[in-house]
A.B. asks: 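One structure follows; several queries about it will come next.
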Amino acid sequence: MPETSRPTAASAERARSSLDAILKPQAVAVIGASRSPNTIGNQILSNLVTHGFTGAVYPVNPTAKAIHAIKAYPDVRSIPDAVDMAVIAVPKQHVLDVARQCGEKGVQGLVVITAGFKETGAEGAERERALVAVVREHGMRMVGPNCLGVLNADPAYSMNATFAPEMPPFGGSAFVSQSGAMGVSVLDYARDYGIGISQFVSIGNKPDVSGNDLLMQWETDDAVRVILMYVENFGNPRRFLETASRITRRKPIIVMKSGRSQVGARAATSHTGALAASDVAVDALLAQAGVLRAATMEELFDMAMAFGAGPLPKSRRTVEVTNSGGPGILAADAMEAAHLDLVEPADATKDKIRPLLSEEASVRNPLDMVASASPSAYRAALTHLLADPSVDAAVAIFVPPLGVKQEDVAEAIVEASRTAPAKPVIAVLMGRNGLPQGRAELHAAGIPAFIFPESAARAMAALNRYREWLERPIPDRGLLPVDQARAAAIVARAQREGRTKLTELESLDLLSAYGIPTAPAELATSAEAAAKIAARIGYPLVMKIVSPEVVHKSDVGGVKVDVGTMEEVKLGYAEIVRNVTQAVPGATVSGVLMQGMVSGGRELIAGVTRDPVFGPLVMFGLGGIFVEALRDVAFRVAPIGDLDAKDMTGELRGAAILAGMRGQAGVDRGAVADVLRRLSQLAIDLPDVEELDINPLLGFGDKCVGVDGRVRVRPRQQSTVSGQP
Ligand code: ADP
Ligand code: MG
């Protein structure tokens, strides 16, 4: 029997054109169209008609002769012409039949509005499976079920096949929403915020058309310049990572993610597992793909506004112009917090601006022109600042004093920005009077206008983050030379012996098989053997208890550092064993690990854990005994490249500590990145390694050395145990 072939470029091409039947149809049937107002079927038909859909519309209703003055048909098969797309809003028990009829009619795309599927439990899930089977059987594509509909605001289609009342203005943003309600509110506010929408898709339960499919569809659609997503869960995070990392090189993707991933819910036995809090995998995935994450709905709007408008700044060098102290300071603080660079304008620029201001005013950044500043002062100051080569962007803040009109200042800002079309200008209009006019004027000129200064700072920072992503080289994800066979053998041996924990020595061995430097170590099973090993390794050294019952060795007096002589080794051996057997009654002692002492490094932590949805995650952070309290860690989804690994070291709150401070040497970020890439490779190569920590990984100016490893492996599969069924 031939295997189902894997999707090829050609089939991806077909998938795209099949989504065109849904997003760019010529003929739409509304099945379940109704004459009674306030029903979904009535509203959708009305939206198609009143917003001027450019194609043909066929209402389908078993009894009505006409709806909204359009001839209706008793079922989809009796429509005399071809139908590209059918919107289905019939009761859930009829959806399957209707879908089948659509298939027979040759309809290519379905938008199933009806709810009562997987979201309602087992029976609904079964109905959804049957529906998907019908869709596949007839080679159709399906948006929904349980969705709000689809919309294409391009005047060539002007299609509002949703039951949301508003038609947003046409523009460059495409929006896919997993929640219908989020969709309604974005469409509702789009006009006010000046966010132009090209297409909108509410994907509902997404058993067929997913967010990933729409990303691919919009990747090549030139009408789409910005992609907005509201996501509750990632169906296929790996495919998202792959698709989104490619698309963000061409157009920005802004994601608002709600809900929590599963990692935190599991009982974790390693530091890495415990530190992988609920949302880290999502943050990691989005960061790696160059996707901008909006933390709140407000931020989603802010970013959508900024990206839908003007150019990207060439650098973070930004000037601020204001007519009021308080908001000006708030904005400056927010801009500094967002790592924008409030540059000093050139002397020549200052000389030009000085005559515009009162005598006491000093020309600085932020430039406070005080309340009396006229529209023409705004125009002149901004024009001079934007002409300055050391300035790449501007934020103009206006609080209306008596006598100066908001719309006049808006006009002045527009005129100034026209003199420097390559430099983005963001406006903040803080008064309510004249706000709609002022805003409309700015939006028409491609200048985002916010109400609060913090929004402007955040938006400008997001524009810069995206530009920096575009400038970033493609990470090197090449494989490093490792001894995979040796590592796999270590894991297999533990599994064979029925263990889920590697011993200290095995853990360190596993790391060195993957090229991660470790301190030399050997196991001693008597004080005499310990003395011999010590002579081989050399002093000073560290002695550690090895016992399957002991998890944190130093907590039970099981670690002696800086052991300098043979006498200390012999006494130490007895002492460690005594400490541990007292602290953990019944502990079995396998011996004492003799390890070379590595002094003077910074204590770091690195590790691997697995998320049930996202797969292996690599972690890095500041280690030591406070690691759980500080939670200063960064995660990425494996596999990671060199730049991803470097990003992880840069993103810690304690990044300055890594860089070296107060006379203490820094840690080589390249060496850390090398360890992280090797861990990533290990996580991919050895799926039976469930959790791994190196704590501490000691970091130096030129290298990193692991001195303590903890590895948990998956129990041996029941089915592979010999003699068992
Ligand atoms: P555990 O985490 O089980 O208590 P470790 O092996 O991590 O045991 O040892 C505890 C601490 O001792 C480490 O966090 C580190 O500060 C120090 N230490 C352990 N091994 C070495 C070594 N080889 N060189 C220097 N310091 C070490
Ligand atoms: Mg440790």
Side-chain angles (χ1 to χ4, degrees), residues 268-275 501-512 516-524 530 533-534 536-564 568-569 572-573 575-577 579-584 587-609 619-630 632-633 654 657 664-665 667 671 675 679 691-701 703-712:
T269 55
S270 69
H271 293 285
T272 309
L275 290 163
K501 239 185 92 186
L502 299 192
T503 66
E504 266 79 3
L505 212 48
E506 285 171 336
S507 302
L508 293 168
D509 256 1
L510 186 78
L511 296 177
S512 53
I516 297 168
T518 58
E522 279 183 62
L523 183 68
I533 294 170
R536 255 202 308 275
I537 293 178
Y539 296 96
L541 43 74
V542 180
M543 301 173 66
K544 306 177 184 180
I545 192 73
V546 177
S547 162
E549 286 83 19
V550 173
V551 182
H552 297 289
K553 299 177 285 292
S554 41
D555 288 356
V556 292
V559 177
K560 272 186 93 63
V561 296
D562 208 8
V563 178
E568 280 182 62
V569 167
Y573 192 99
E575 189 189 331
I576 285 176
V577 173
N579 286 347
V580 172
T581 43
Q582 266 167 19
V584 189
T588 46
V589 173
S590 326
V592 169
L593 191 76
M594 310 295 294
Q595 187 177 52
M597 168 115 180
V598 190
S599 324
R602 173 92 51 230
E603 298 218 350
L604 311 171
I605 179 166
V608 170
T609 187
M619 185 205 68
F620 173 68
L622 293 179
I625 51 175
F626 296 126
V627 56
E628 263 109 357
L630 294 173
D632 192 8
V633 291
I657 299 176
Q664 297 214 32
V667 173
V675 170
L679 284 180
E691 279 179 348
L692 179 158
D693 298 322
I694 314 175
N695 184 27
L697 174 73
L698 297 172
F700 297 85
K703 62 173 188 238
C704 288
V705 182
V707 298
D708 185 28
R710 184 167 303 138
V711 179
R712 193 163 65 80

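For ligands, and for the atoms within them, numbers begin at 1 and follow the listed sequence.
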A.B. asks: Looking only at distances, can you tell me whether any N or O atom of Ser599, backbone or side chain, sits closer than 3.5 Å to an N or O atom of ligand 1?
C.D. replies: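 N/O-N/O distance below 3.5 Å does not exist for this pair.
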A.B. asks: Does even one non-hydrogen atom of Leu541 get within less than 4.0 Å of ligand 1?
C.D. replies: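 Judged by the 4.0 Å heavy-atom criterion, Leu541 does not count as contacting ligand 1.
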A.B. asks: Kindly write out the residues that satisfy side chain to side chain donor-acceptor pair (under 3.5 Å) with Lys553, not counting sequence neighbours, or none if the list is empty.
C.D. replies: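 Lys553 satisfies side chain to side chain donor-acceptor pair (under 3.5 Å) with Glu504, Asp708 only.
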A.B. asks: Would you indicate which of Val550, Val542, Thr518, Val556 comes nearest to atom 21 (C) of ligand 1 when only heavy atoms are counted?
C.D. replies: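 Nearest option to atom 21 (C) of ligand 1, by heavy atoms: Val542.
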A.B. asks: Verify side chain to side chain contact (heavy atoms under 4.5 Å, CB included) between Leu510 and Leu692, making sure each step is shown before the conclusion.
C.D. replies: CA-CA 10 Å; Leu510 186 78; Leu692 179 158; 4.1 Å; yes
A.B. asks: Val598 to ligand 1: N or O pair under 3.5 Å?
C.D. replies: yes
A.B. asks: May I ask you to check whether Asp693 brings an N, O or S atom to under 2.8 Å from the Mg ion (ligand 2)?
C.D. replies: no
A.B. asks: For the pair Gln595 (side chain) and Lys544 (backbone), establish whether a donor and an acceptor sit closer than 3.5 Å, ignoring hydrogens and angles.
C.D. replies: no
A.B. asks: Rounded to the nearest 10 degrees, what's the angle O of Asn695 makes with OD2 of Asp708 at the Mg ion (ligand 2)? Could you check?
C.D. replies: 90°
A.B. asks: What atoms of ligand 1 come closer than 4.0 angstrom to any heavy atom of Asp708?
C.D. replies: 1 (P), 2 (O), 3 (O), 5 (P), 6 (O), 7 (O), 8 (O)
A.B. asks: Can you tell me which residue among Asn695, Leu502, Val551 is in a side chain to side chain contact (heavy atoms under 4.5 Å, CB included) with Arg710?
C.D. replies: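 Testing Arg710 for a side chain to side chain contact (heavy atoms under 4.5 Å, CB included) against Asn695, Leu502, Val551 leaves exactly one candidate, Val551.
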A.B. asks: For the pair Thr518 (side chain) and Val707 (backbone), establish whether a donor and an acceptor sit closer than 3.5 Å, ignoring hydrogens and angles.
C.D. replies: no
A.B. asks: Suppose I only count heavy atoms of Val551 and a 4.0 Å limit; which atoms of ligand 1 are within that range?
C.D. replies: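 Matching atoms, with element in brackets: 3 (O).
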A.B. asks: Any idea which atoms of ligand 1 are less than 4.0 Å away from a heavy-atom of Asn695?
C.D. replies: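 Those of ligand 1 that fall under 4.0 Å from Asn695 are 7 (O).
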A.B. asks: Quick check on contacts: which atoms of ligand 1 are under 4.0 angstrom from a heavy atom of Pro696?
C.D. replies: 7 (O), 13 (C), 14 (O), 15 (C)
A.B. asks: Should Thr503 and Leu523 count as side-chain neighbours, where that means a heavy-atom distance under 4.5 Å?
C.D. replies: no
A.B. asks: From atom 16 (O) of ligand 1, work out which of Lys553, Glu603, Arg710 has a heavy atom at the shortest distance.
C.D. replies: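 Nearest heavy atom to atom 16 (O) of ligand 1 lies in Glu603.
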A.B. asks: Take Met543 and Val569 through the test side chain to side chain contact (heavy atoms under 4.5 Å, CB included) and record every step on the way to the result.
C.D. replies: CA-CA 8 Å; Met543 301 173 66; Val569 167; 4.2 Å; yes
A.B. asks: Geometry only, no angles: is Gly596 polar-contacting ligand 1 at N/O separations under 3.5 Å?
C.D. replies: yes
A.B. asks: Start with the C-alpha distance between Phe700 and Val598, add both sets of side-chain angles, then the distance that settles side chain to side chain contact (heavy atoms under 4.5 Å, CB included), and finish with yes or no.
C.D. replies: CA-CA 10 Å; Phe700 297 85; Val598 190; 3.3 Å; yes
A.B. asks: Is there a polar contact between ligand 1 and His552, counting only N or O atoms under 3.5 Å apart?
C.D. replies: no
A.B. asks: Between Leu511 and Ile694, is there a side-chain heavy-atom distance shorter than 4.5 Å?
C.D. replies: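 Result yes, sub-4.5 Å side-chain heavy-atom pair found.
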A.B. asks: Say whether Val705 and ligand 1 are in contact under the criterion: heavy-atom distance to a ligand atom below 4.0 Å.
C.D. replies: no
A.B. asks: Report the member of Asp562, Val707, Ile605 with the shortest heavy-atom distance to atom 27 (C) of ligand 1.
C.D. replies: Val707
A.B. asks: Can you name the side-chain contact (heavy atoms from CB on, under 4.5 Å) partners of Ile657, sequence neighbours left out?
C.D. replies: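 Listed in chain order: Arg602, Leu622, Met661.
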A.B. asks: Under 2.8 Å from the Mg ion (ligand 2), is there any N, O or S atom belonging to Ser554?
C.D. replies: no
